[in-house]
Amino acid sequence: LYFKQKQYKREVNKMKGFFDLEYHERKIREYKHPLAKLDSVINWEIFRKPLEEALYKKPKGAGGRPSYDKVMMFKILILQKYYNLSDEQTEFQINDRTSFRQFLGLKIGDKVPDAKTIWYFKEQLAKNNLSQKLFDLFTQELVNKGIIVKEGSMIDATFVDVPKQRNSREENADIKKGAIPLEFAKKDKNGKRSRLAQKDVDARWAKKNDEKHYGYKNHINADEKTKLITKYSVTNAALHDSTQIKNLVDKTDKKVYADSAYRSEDIEEFLKEHNIQSCIQEKGYKNKPLTKQQQKLNNIKSKIRARVEHIFGFMTNSMHNALFMRAIGKERITSAIGLLNLTYNLFRYEQLVRLQKIEIM
């Protein structure tokens with residue numbers, strides 16, 4: 001009788017554990033963590049067609065393991081970018097965290113893509129320029145729904161740092177000239193891997209306000225009203241911010257706000273030709289300081305232009321230092337920055353909906 005009672009208690013505890021799990025998952029859904037909030041307002045199916053068209057592979061034959069759903073893999077990259085996780089950490093956290101599995105539509109026991117699968121999916125996005133296409137798709141949806149009206153546009157750039165390289169002076173000199181050092185192409189002892197696989201020959205050094213940066217720049221055009229990014233371009237860190245303004249501005253822009261680094265006769269003439277009002281802050285010179293009227297106008301422009309800093313602040317703080325990236329080479333970094341800007345827009349859109357400033361698309 002004693003052993004039967006013990007066995008009965010064990011069975012009851014098992015049942016209790018099952019219902020505890022269901023209760024646990026429900027409580028997490030009710031908590032409304034950032035991923036759940038995002039999932040509640042985004043129609044992920046709008047991304048399915050471009051993903052499947054670009055990444056479709058004809059089956060080699062009957063049988064074999066079916067590929068992972070493309071939209072789920074895309075959501076994994078959004079999750080990864082928001083939390084700034086490595087591929088290995090992404091795999092582990094999806095297995096470990098209920099909130100991550102709920103966001104992806106996975107249940108306990110479902111097979112989770114491993115780190116190599118996540119890496120390969122990102123590689124395919126980079127090779128097919130899909131980050132740009134998906135960013136443009138979502139931006140166009142925002143424009144079509146009247147969420148982005150572009151009454152004013154804010155132009156700015158921020159550094160995207162990558163791991164520093166340990167090269168010799170001769171190797172750095174070759175890289176600055178645009179050449180690949182011969183040492184980088186040499187194979188290892190096994191005749192397989194070369195140093196080039198671990199070397200970034202596209203990144204450059206830059207210095208701003210006594211701070212040194214090594215990597216790239218994320219140049220953006222953001223809607224002044226909603227703080228949503230409408231266009232972006234990627235360069236190495238050494239290029240001046242103003243070099244990209246013609247790639248960021250088009251005839252749909254009505255006013256352009258930017259700091260004085262973008263002020264030049266060439267840019268002013270370009271904006272005038274496209275009937276765009278220049279709200280770029282004016283510069284003062286040694287023999288020609290700004291007048292009180294110019295200073296007053298600069299202060300007004302600065303209050304609007306400064307809103308673009310909130311975007312970079314979100315990427316640094318809320319997105320867990322997402323402006324530091326581990327990818328190597330401009331192709332991968334460009335794709336990663338495209339995903340970064342798209343991830344920001346998705347979360348910013350959710351915030352606008354939650355604050356009741358716009359309606360769900």
Side-chain angles (χ1 to χ4, degrees), residues 25 28-29 33-36 38-141 192-193 197 319 322 325-347 361:
E25 291 187 342
I28 289 175
R29 288 193 190 94
H33 52 86
L35 293 177
L38 183 66
D39 209 28
S40 66
V41 300
I42 299 297
N43 175 19
W44 298 101
E45 287 302 308
I46 66 172
F47 301 106
R48 182 173 297 281
K49 186 177 178 181
L51 283 167
E52 293 189 341
E53 285 181 349
L55 305 179
Y56 173 76
K57 283 188 176 181
K58 189 176 181 180
K60 295 180 180 179
R65 190 178 68 184
S67 60
Y68 289 104
D69 180 73
K70 300 294 188 295
V71 173
M72 184 194 75
M73 291 299 300
F74 171 63
K75 291 175 75 174
I76 286 176
L77 299 193
I78 297 300
L79 175 158
Q80 181 184 49
K81 189 58 65 179
Y82 180 71
Y83 288 98
N84 197 18
L85 301 171
S86 67
D87 297 335
E88 290 75 15
Q89 268 296 309
T90 302
E91 178 191 353
F92 171 75
Q93 294 294 347
I94 294 170
N95 278 297
D96 186 60
R97 297 178 67 168
T98 302
S99 60
F100 282 19
R101 290 195 303 274
Q102 287 178 350
F103 175 66
L104 300 172
L106 295 172
K107 298 178 182 177
I108 290 179
D110 287 347
K111 191 169 179 61
V112 171
D114 60 23
K116 289 182 179 178
T117 302
I118 296 169
W119 175 86
Y120 180 75
F121 189 77
K122 285 192 294 186
E123 287 290 287
Q124 294 305 301
L125 253 64
K127 288 177 181 177
N128 289 278
N129 195 28
L130 271 174
S131 292
Q132 178 74 65
K133 293 173 184 175
L134 297 175
F135 174 88
D136 291 342
L137 173 65
F138 186 64
T139 302
Q140 192 57 50
E141 287 283 321
K192 292 182 179 180
R193 302 185 70 184
M319 295 179 69
M325 296 187 178
R326 304 173 183 87
I328 294 174
K330 190 179 179 184
E331 183 182 85
R332 288 171 177 160
I333 285 291
T334 299
S335 181
I337 288 175
L339 275 174
L340 167 69
N341 292 335
L342 175 54
T343 302
Y344 165 79
N345 270 2
L346 291 168
F347 278 91
M361 290 192 296

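At least one donor-acceptor pair closer than 3.5 Å links the side chain of Asp69 to the backbone N or O of Val71. No side-chain donor-acceptor contact under 3.5 Å links Asp39 to the backbone of Leu35.
Minimum interatomic distance between Leu340 and Ala322 (heavy atoms only, all atoms of both residues): CD1-CB, 3.6 Å. Across Leu346 and Leu38, no two heavy atoms sit closer than the pair O-CD1, 3.3 Å. Met325 approaches Ala336 most closely through the heavy-atom pair SD-CB, 3.6 Å. Nearest heavy-atom pair across Asp96 and Arg101 is C-NH1, 3.9 Å. Across Ile76 and Pro113, no two heavy atoms sit closer than the pair CD1-CG, 3.7 Å.
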Stepwise side-chain contact (heavy atoms from CB on, under 4.5 Å) test for Leu85 and Phe100: CA-CA 13 Å; Leu85 301 171; Phe100 282 19; 4.1 Å; yes
Is there a side-chain contact (heavy atoms from CB on, under 4.5 Å) between Glu141 and Asn43 once you walk through the steps? CA-CA 11 Å; Glu141 287 283 321; Asn43 175 19; over 6 Å; no
Run Ile42 and Phe138 through side-chain contact (heavy atoms from CB on, under 4.5 Å) and show every step you take. CA-CA 10 Å; Ile42 299 297; Phe138 186 64; 4.3 Å; yes
How far apart are the C-alpha atoms of Met72 and Leu106, what are their side-chain angles, what is the distance that settles it, and do they pass the side-chain contact (heavy atoms from CB on, under 4.5 Å) test? CA-CA 9 Å; Met72 184 194 75; Leu106 295 172; 3.8 Å; yes
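Side-chain contact between Glu53 and Lys70: absent, with no pair of heavy atoms (C-beta onward) separated by less than 4.5 Å. Within the 4.5 Å cutoff, the side chain of Thr334 has no heavy atoms near those of the Gln132 side chain. The shortest side-chain heavy-atom distance between Lys133 and Pro50 does not fall under the 4.5 Å cut-off. For the pair Leu77/Thr90, no side-chain contact is recorded, criterion being any heavy-atom separation below 4.5 Å from C-beta on. Considering only heavy atoms from C-beta on, Leu104 stays 4.5 Å or farther from Asp110 through its side chain. Side-chain atoms of Gln124 and Met73, non-hydrogen and from C-beta on, never get closer than 4.5 Å to each other. When side chains are defined from C-beta on, Glu91 does not count as touching Thr117, because their heavy atoms never get closer than 4.5 Å. With a 4.5 Å cut-off on side-chain heavy atoms, Tyr68 and Lys111 count as touching.
Each ring-ring contact (aromatic ring centres under 6.0 Å, His included) pair with one or both residues in residues 101-137, not counting sequence neighbours, appears once here: Trp44-Phe103, Phe135-Tyr232. For the salt bridge (charged side-chain N to carboxylate O under 4.0 Å, His left out) condition, the pairs that include at least one residue of residues 331-344, sequence neighbours left out, are Glu123-Arg332.
To the nearest 0.5 angstrom, Gln102 atom CD is 11.5 Å from Lys107 atom NZ. To the nearest 0.5 angstrom, Asn345 atom CG is 12.5 Å from Leu134 atom CG. Atom-to-atom distance recorded for Gln80:CD and Ile118:CD1 is 6.0 Å, nearest 0.5 angstrom.
No side-chain N or O of Gln140 forms a donor-acceptor pair with one of Asp136 less than 3.5 Å apart.
Residues that satisfy the salt bridge (Lys or Arg N to Asp or Glu O under 4.0 Å) test with Lys122, not counting sequence neighbours, are Asp87.
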